[in-house]
Amino acid sequence: TQSTRPQRILDAVQKNATRGDPRSVVKAIDHFCRNKEWAMNVGDEKGCILDSVVSEVNPATVLELGTYCGYSTVRIASLLPPHAKLITLEFNPDFAAIARQVIAWAGLEDKVQLVEGASGDWIPKMKEQFGVKTFDLVFLDHWKNSYLPDTKLMEECSLLRKGSVLLADNVICPGAPDYLEFVRSSPRYKSQYFKSHLEYTKVEDGLEKSVFLG
Ligand SMILES: Cc1ncnc2c1ncn2[C@@H]1O[C@H](/C=C/CNC(=O)c2cc(-c3ccc(F)cc3)cc(O)c2O)C[C@H]1O
Ligand SMILES: [Mg+2]
């Protein structure tokens, strides 16, 4: 049967990465996507910026919107302190199934809770379902037109505290203009743009880091 791109990414991980070694999983996916088939992972260049923000925040609770194959899930989870938790939301069951195997190959199942479903449905249930009070870090990498409504929803659900960091992928390409306008003009956020490139290409893209001021 014809395989899908996520399945081919998982194959590349299982063939080329060492079980229990998250960095080798990241390298295997980057090598595959740079040399064989492009895929919408945050990638190695923007991934280094992601790593530095994760290390700086040193979060106890992380929310990722849009798991896809689990590339950024593995990058983030590999940098978390011992009892920290990452909840990642993915509504495509096929992507979720692949991501679970990628996360398992990296040996990070204990730090990651992959929830299958739409962010708009699950964000209001975070407290009651997962005992989360607030998120220290949110990585937005799902549908670009969901960035803004989900950010407003997280505020409404009191999931952000003074100092919570939102890090959004693709604010230039494909772009999230309404989100960018909101976080850059709202007095409740301190925003900063990290210029980079679209994964595995020379096209401009970047990450927007926005600190919630409470
Ligand atoms: C609302 C919601 N809830 C839960 N999961 C959700 C969701 N919306 C999407 N998702 C899931 O996240 C993933 C979606 C991510 C969307 N990301 C993209 O569309 C995306 C697209 C590009 C891109 C750039 C230039 C080009 F020429 C072509 C593509 C690059 C990227 O880094 C991206 O993240 C998979 C999807 O099932
Ligand atoms: Mg992206």
Side-chain angles (χ1 to χ4, degrees), residues 4-10 26 29-30 32-34 36-51 53-54 62-77 86-103 112-126 129-130 132 135 137-157 159 166-180 183 193-210:
T4 65
R5 181 169 306 178
Q7 277 168 337
R8 292 192 289 274
I9 287 173
L10 174 61
V26 167
I29 296 174
D30 282 332
F32 179 80
C33 293
R34 189 174 285 287
K36 301 274 187 341
E37 257 186 286
W38 187 92
M40 60 181 177
N41 316 119
V42 73
D44 42 359
E45 191 180 319
K46 288 186 289 179
C48 284
I49 300 167
L50 170 62
D51 292 354
V53 171
V54 174
V62 184
L63 177 63
E64 175 179 62
L65 302 176
T67 316
Y68 187 45
C69 296
Y71 174 91
S72 48
T73 320
V74 167
R75 270 200 99 110
I76 296 166
L86 191 167
I87 296 174
T88 183
L89 303 184
E90 174 54 60
F91 66 17
N92 179 311
D94 301 326
F95 295 163
I98 296 293
R100 287 189 201 285
Q101 296 173 77
V102 169
I103 293 158
V112 176
Q113 172 122 36
L114 194 162
V115 179
E116 272 184 60
S119 51
D121 298 338
W122 278 99
I123 285 169
K125 295 193 274 191
M126 280 296 145
Q129 292 287 325
F130 304 108
V132 167
F135 287 106
L137 173 68
V138 182
F139 181 54
L140 299 92
D141 194 21
H142 58 337
W143 288 165
K144 307 316 160 192
N145 56 22
S146 295
Y147 284 19
L148 182 52
D150 283 351
T151 297
K152 290 178 173 173
L153 187 56
M154 285 187 285
E155 281 187 30
E156 283 155 30
C157 298
L159 285 168
L166 304 185
L167 188 65
D169 189 25
N170 310 115
V171 294
I172 302 299
C173 177
D178 58 345
Y179 172 80
L180 216 42
V183 289
Y193 175 60
F194 291 82
K195 184 176 168 145
S196 184
H197 294 94
L198 177 68
E199 48 268 30
Y200 318 116
T201 78
K202 293 187 168 37
V203 173
E204 182 180 344
D205 189 20
L207 301 171
E208 188 82 359
K209 177 191 168 194
S210 307

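Whatever order the structure lists ligands and atoms in, that order sets their numbers, starting from 1. Count residues from 1 along the sequence. Basis for what follows: all heavy atoms, side chains included, without hydrogens, waters or symmetry-related copies.
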Taking 4.0 angstrom as the limit and counting only heavy atoms of [X], give me the atoms of ligand 1 inside it, by number and element.
X	value
G66	12 (O)
F95	35 (C), 37 (O)
G117	3 (N), 4 (C)

Nitrogen or oxygen of [X] less than 3.5 angstrom from that of ligand 1:
X	result
D141	yes
N41	no
D150	no
K46	no
D169	yes
L198	no

State if W38 counts as touching ligand 1 under the rule of any non-hydrogen atom under 4.0 Å.
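In this structure, W38 qualifies as a contact of ligand 1 - some heavy atom is under 4.0 Å.
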Tell me, please: is G43 in heavy-atom contact with ligand 1, that is, under 4.0 Å?
no
Nearest-neighbour protein heavy atom for [atom], which is reported as residue plus atom name and distance:
atom	result
atom 1 (C) of ligand 1	S119 OG, 3.2 Å
atom 21 (C) of ligand 1	P174 CG, 3.6 Å
atom 5 (N) of ligand 1	F91 N, 3.2 Å
atom 9 (C) of ligand 1	W143 CD2, 3.3 Å

Between D205 and K202 (salt bridge meaning N to carboxylate O under 4.0 Å), is one present in this structure?
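Salt bridge: no.
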In the protein, N/O/S atoms that are found under 2.8 Å from the Mg ion (ligand 2), waters not counted
D141 OD1, D169 OD2, N170 OD1
From K46 NZ over to N170 CG, what is the distance, rounded to the nearest 0.5 angstrom?
4.5 Å
Check whether any protein heavy atom sits under 4.0 Å from atom 14 (C) of ligand 1.
yes
Take atom 27 (F) of ligand 1 and look for protein heavy atoms under 4.0 Å from it; say yes if you find one, no if not.
no
Please name the residue in the list R100, E90, E64 that meets the side-chain contact (heavy atoms from CB on, under 4.5 Å) test with T73.
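Among R100, E90, E64, the one that satisfies the side-chain contact (heavy atoms from CB on, under 4.5 Å) with T73 is E64.
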